[in-house]
Amino acid sequence: MRFAALFLWILVPLGLWLVVAQFGTPHGIVSYRYIGSAYRPVSERRYTQCSYLGWIGVVTVPATDGRCPWVRLFKEGS
């Protein structure tokens, strides 16, 4: 029973690996494209494309509902 406690630390990296495999790794936004005026700050911007940088590199995706979240999760190969 004493030796079983020595292997409990394996649960932490295993759990982290399971979360990454299920949901993906976090990526932060680095650039975006939008429709609207850059010179009128009160005009509404409708985002069309978002680029994120993270563990697997730069991922460019279409905006969802005209918005770009600051952080998104992406799986490798998606």
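All heavy atoms count here, side chains included; hydrogens, waters and symmetry mates do not.
- Tested against L53 for a side chain to side chain contact (heavy atoms under 4.5 Å, CB included), the candidates V58, I29, V59 yield a single pass: V58.
- Between P62 and R72, the shortest heavy-atom contact is O-NH1, 4.4 Å.
- Atoms OG and OH, on S31 and Y52 in that order, are 10.0 Å from each other to the nearest 0.5 Å.
- The neighbour count for Y34 OH, taken as heavy atoms of other residues, nucleotides or ligands under 6.0 Å away, is above 12.
- To the nearest 0.5 angstrom, C68 atom SG is 11.0 Å from R45 atom CZ.
- Seen from the ring of Y47, R67 does not count as a face-on cation partner, given the 6.0 Å and 45° thresholds.
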Report the C-alpha distance between I35 and T48 in whole Å, list the side-chain angles of each, state the deciding distance to 0.1 Å, and finish with yes or no for side chain to side chain contact (heavy atoms under 4.5 Å, CB included). CA-CA 7 Å; I35 298 171; T48 58; 3.7 Å; yes

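- Atom CH2 of residue W9 and atom CG of residue L14 lie 10.5 Å apart, to the nearest 0.5 angstrom.
- Looking only at distances, no side-chain donor or acceptor of K75 sits under 3.5 Å from a matching main-chain atom of T25.
- At a threshold of 4.5 Å between non-hydrogen side-chain atoms, the residues F7 and I10 count as touching.
- Here the straight-line distance linking atom CG of L73 with atom CD of Q22 works out to 11.0 Å at 0.5 Å rounding.
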